[in-house]
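This one's a predicted model, so the numbers in the text were calculated from it and none came from an experiment. One is the number of the first residue; the rest follow in order along the sequence.
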Amino acid sequence: MSDLVAKYAALQALVKEIAEETADAHDDETVAQLAIAHHTVVRQFESIGNQRILEVSDRDAHRTAGCVTVSEFLQTKLRITHPKKRLDAVRSLEPMHAMTGEKLPPVCPNTARELAAGTIGPDHVHAVLDVMKKIPSAVDAEHRAFAEQTLAEFATTLTPKEITAAGVRILAHLDPDGTLTDDRDRARNRKLNLGCQDSQLMSKLTATLDPITRALFDVVLAKWAAPGMNNPDDDQSPKGDHGDADPELLKDAADRDYRSQSQRNHDAFTALLDAAVNGGLLGGSHRGLPPQIIVSITDAQLRDHAGVARTATGSDLPISDVIKLAADAQPHLAVFSDLTREPLFSGRGRGRGRRLASQAQRLMAFAQYKGCSKDDCRVPFAHTEMHHAETDWAEGGVTDSPHLAPACGRHNRAVGPEPHQWSTEKITDGPDRGRYGWRRNTDPPDQLRANHVHRIDELLQRHSREGVPPCPERSEPTPARSFDLTWPRAPLYPAAS
């Protein structure tokens with residue numbers, strides 16, 4: 001065993017010893033110093049962790065852990081919430097190799113030094129990097145280096161939020177009249193991020209809009225977010241554009257409108273998206289599916305009006321919202337065997353003659369998998385391809401639903417005969433029977449792993465069933481089938497003529 005491996009083993013043993021001790025015997029000053037010392041060490045290990053990540057990247061070591069990309073390794077094996085942000089920190093704080101092979105100094109050497117010393121933490125690092133990204137490209141290297149040095153020094157005494165405020169002053173000093181900022185800088189900094197859903201299934205949308213996008217959005221809000229317009233709580237509220245709305249009807253709706261401006265902006269955005277999705281703007285197909293809201297639920301959820309449904313794009317919807325969508329839905333029925341989870345109704349008929357799955361087959365696969373079938377992959381179904389999981393198409397595989405499984409692009413391309421590649425096989429027993437599992441070609445044949453990321457509700461139901469006494473036997477057997485209903489929503493707005 002190497003020295004480094006032995007040291008990490010000793011470290012884990014030491015951490016266990018520290019965790020089992022308390023500071024009850026120490027005075028208050030020592031307790032405070034222990035907390036400071038602890039967090040200093042945690043920050044230092046963030047820096048060391050960056051070195052370990054860079055080593056994994058340089059040597060493609062993520063493949064030995066069953067990951068196709070370094071980002072996947074960070075997300076699934078290290079369970080880092082924002083892998084791209086962490087990789088940005090690694091590239092900025094660690095010495096990188098040039099195309100010719102020599103090592104280059106870190107982009108932000110002062111910030112890297114303070115993190116290694118434990119005087120700043122990862123939140124400080126991200127705040128510094130956010131400011132550095134906003135420095136105009138026209139600023140010379142000397143002033144850019146001075147800005148990074150100043151921010152790193154500030155970070156040792158300021159909070160991340162205060163670093164952001166200090167960054168505003170630094171940016172104003174570097175470009176006092178705004179003449180250095182050009183279209184390249186605005187294009188580099190434009191962004192729109194949709195956050196994860198919270199416990200109420202709400203999502204936070206954050207954006208940095210370029211001037212044209214801002215101007216266009218202002219025009220939309222001026223018309224679609226006007227008082228009385230697109231009010232979901234008022235069935236008499238004019239929908240869409242108020243240009244053709246009856247003035248008296250709009251005035252009455254405005255008098256009944258008690259929404260805030262922020263709420264009206266939200267509802268206008270909803271109406272705009274609905275018009276785009278259901279008005280024909282997105283065309284007739286996306287990866288073989290209609291570009292509309294597609295939902296999968298069970299018959300029990302529909303009957304009980306309870307639970308959460310998953311959409312093909314990876315969002316969760318409360319059943320109350322699904323019921324509203326169902327009023328204007330085009331239902332597609334997918335039937336599975338309770339015993340084997342094999343598709344009983346699967347839209348067959350494409351067979352050997354066609355390589356691409358039909359829309360019915362893709363809807364069936366969505367109902368069965370909800371997303372990429374590779375274990376731990378978080379790509380939702382709408383961004384997957386149909387993988388010939390039993391036998392590859394080039395080797396004589398057929399395009400029938402029982403032989404297909406969804407896979408994102410990078411995992412679909414990871415299947416092959418090489419030792420570092422993957423194989424897919426049908427799982428024949430256990431709770432995942434009927435679905436396809438994945439294993440590395442170097443793993444034993446019986447080590448098939450199914451993806452549960454998109455089917456958390458099944459895990460919860462299974463856990464609940466295992467934790468309660470069995471129900472009394474029924475006098476009549478239950479039918480060996482279950483139902484998954486997928487609904488593309490019908491248009492609320494007519495297509496533009």
Quick one: does any side-chain atom of [X] pair with a main-chain N or O of [Y] as donor and acceptor, under 3.5 Å?
X      : Y      : answer
Lys426 : Pro402 : yes
Arg440 : Thr64  : yes
Gln197 : Ser315 : no
Asn193 : Leu205 : no
Glu148 : Thr111 : yes
Thr384 : Phe381 : yes
Glu390 : Val398 : no
Asn412 : Ala407 : no
Arg435 : Ile427 : no
Asn230 : Trp224 : yes

Give me the atom names and distance for the closest heavy-atom approach of [X] to [Y].
X      : Y      : value
Asn189 : Lys133 : OD1-O, 3.3 Å
Ser401 : Met364 : OG-CG, 4.1 Å
Pro83  : Gln75  : CG-CB, 4.2 Å
Pro419 : Thr442 : O-CG2, 3.4 Å

Please report the interatomic distance [atom1]([X]) to [atom2]([Y]), rounded to the nearest 0.5 Å.
X      : Y      : atom1 : atom2 : answer
Thr164 : His126 : OG1   : NE2   : 12.0 Å
Cys67  : Leu74  : SG    : CG    : 9.0 Å
Asp316 : Asp321 : CG    : CG    : 11.5 Å
Glu94  : Lys103 : CD    : NZ    : 8.5 Å
Asn265 : Phe217 : CG    : CZ    : 6.5 Å
Met386 : Ser358 : CE    : OG    : 9.0 Å

#### Entry: Residues Asp432, His452; criterion side-chain hydrogen bond (donor to acceptor under 3.5 Å, both in side chains); working and verdict
CA-CA 9 Å; Asp432 295 306; His452 300 128; 2.8 Å; yes

### Criterion side-chain hydrogen bond (donor to acceptor under 3.5 Å, both in side chains) on Thr399 and His388, from CA distance to verdict
CA-CA 7 Å; Thr399 310; His388 289 75; 3.0 Å; yes

### Query
Name the one of Gln368, His403, His387, Lys374 that satisfies side-chain contact (heavy atoms from CB on, under 4.5 Å) with Tyr436?
His403

### Task
Could you point out which residue of Lys77, Arg378, His411 forms a side chain to side chain donor-acceptor pair (under 3.5 Å) with Glu72?
His411

Do you see a donor-acceptor pair shorter than 3.5 Å between the side chains of [X] and [Y]?
X      : Y      : answer
His420 : Asp60  : no
Trp438 : Ser373 : yes
Asn441 : Gln421 : no
Thr311 : Thr313 : yes
Asp210 : Thr213 : yes

Pair [X] + [Y]: basic N to acidic O under 4.0 Å:
X      : Y      : result
Arg439 : Glu425 : yes
Arg91  : Asp88  : yes
Arg214 : Asp218 : yes
Glu46  : Arg86  : yes
Lys134 : Asp185 : no
Glu55  : Arg52  : yes

### Task
Would you sort out whether Asp198 and Ser203 count as a side-chain contact (heavy atoms from CB on, under 4.5 Å), showing the intermediate values?
CA-CA 6 Å; Asp198 60 20; Ser203 305; over 6 Å; no

### Query
Hey, mind stepping through Cys108 and Leu129 against side-chain contact (heavy atoms from CB on, under 4.5 Å) and telling me if it holds?
CA-CA 8 Å; Cys108 298; Leu129 297 183; 3.8 Å; yes

### Task
Report the C-alpha separation of Leu104 and His97 in whole Å, then their side-chain angles, then the decisive distance to 0.1 Å, and conclude whether the side-chain contact (heavy atoms from CB on, under 4.5 Å) test is met.
CA-CA 6 Å; Leu104 301 175; His97 288 282; over 6 Å; no

